[in-house]
Amino acid sequence: MKSTRAYAHTNIAIIKYWGKIPGEQNLPSTGSLSLTLDRFGTETEATFADQPADSFVLNGVLQTGESLERAQHFLDVVRALAKRSERCHIQSTNHVPTKSGLASSASGFAALALATAHQFELELNPMDLSRLARLGSGSAARSIFGDFVLMHPVSPIDQSGGYAEQLHTHSTLDVKMIVVQCSKMQKAISSRTGMLHTQATSLYYPSWVSSHYTDLESAIEAIRRGDFKTLGELTEYSTLKMHATLLAAKPGYWYFDPLSLTVMSRVRTLRDQGASCYFTLDAGPHVKVLCPAHEAEALAKDLAQIPDVIAVDIASPGPGAYLL
Ligand code: PMV
């Protein structure tokens with residue numbers, strides 16, 4: 001097989017994960033619940049190359065340093081699983097701003113997992129493919145699947161869990177996610193570094209972990225009931241709680257910009273005026289707004305009028321990762 005191409009979409013967490021179980025397995029310390037989007041994603045091609053080491057080109061730029069090492073480390077895992085030794089050239093294009101809280105690592109590692117698993121003829125079921133993607137980035141485990149996706153919490157008894165699965169429900173919810181881009185800057189603190197710092201120093205971190213299971217269960221239940229209001233309230237609750245743990249770290253830090261706060265305030269004002277919309281924010285300044293499908297156009301138009309907003313896109317629930 002000469003090369004394999006795969007595409008994975010971004011996903012945005014509704015109930016966030018933040019924090020890792022110590023060890024090499026990149027296991028999240030909480031479960032999470034996300035929506036895979038039909039906009040934004042990563043296309044990746046894996047090709048066997050007659051060269052001494054793996055190479056990685058991202059958005060046309062040959063990678064070095066940490067970015068290359070993460071890809072090489074991932075390929076080492078795939079090679080070990082496949083009991084093979086070929087080196088690879090990886091070519092990826094992010095159709096999403098990189099390192100800015102728009103989940104480029106989620107789509108990036110999901111596409112890399114799918115492309116390399118096929119290239120090395122690994123026969124993985126979807127759960128194991130999700131586990132493989134998780135080794136690259138926790139949120140990538142969810143981008144293997146489409147629509148609402150549950151990342152199972154890891155059991156403290158036997159470490160089972162740590163993989164994602166599409167939430168199979170007969171929900172009547174018809175939602176959109178409005179993505180409001182607030183900055184062109186890349187984030188200064190990676191989510192990995194931020195998580196480790198938070199769990200080492202934040203006074204709020206233990207309650208973030210212990211309170212999280214209830215949020216997850218309630219959100220799943222809200223999706224099953226088709227209860228958008230409860231799902232939206234939990235979305236804001238989870239994101240604000242996550243960001244509060246970072247603010248309470250030592251030293252505290254944050255991923256939002258003044259413009260992110262302006263957008264979040266506008267979402268609340270629109271809600272006071274009768275709209276159904278709830279914000280969420282990841283490890284970067286962009287604000288994502290969950291709303292019923294029929295309200296999306298009007299809300300997006302309003303949010304696009306906020307001065308300095310860079311772009312506003314309406315995303316629908318999207319598919320899981322696929323081969324091209
Ligand atoms: O696993 P990472 O590095 O992609 O971290 C994702 C962290 C958040 O986006 C903030 C939350 C989440 O569950 O996606």
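Both ligands and their constituent atoms are indexed starting at 1 by order of listing. Each residue takes its place number in the sequence, starting with 1.
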Amino acids in close contact with ligand 1, where any non-hydrogen atom sits under 4.0 angstrom away: Ala13, Lys16, Tyr17, Trp18, Ser105, Ser137, Gly138, Ser139, Arg142, Ser191, Met195, Met242, Asp282, Ala283
Residue pairs passing the side chain to side chain donor-acceptor pair (under 3.5 Å) test where at least one lies in residues 314-324, sequence neighbours excluded: Lys176-Ser316
Plane angle bin for Tyr255 and Tyr253 - parallel if under 30°, tilted between 30 and 60°, otherwise perpendicular: perpendicular
Side chain to side chain donor-acceptor pair (under 3.5 Å) pairs, two or more places apart, involving residues 291-312: Arg266-Asp302
Partner of Val309 by side chain to side chain contact (heavy atoms under 4.5 Å, CB included), out of Val180, Thr262, Leu303: Val180
Residue list, side chain to side chain donor-acceptor pair (under 3.5 Å) with Asp128, at least two apart or on another chain: Arg131
Side-chain H-bond candidate by donor/acceptor type, Arg142 with Ser32, under 3.5 Å: yes
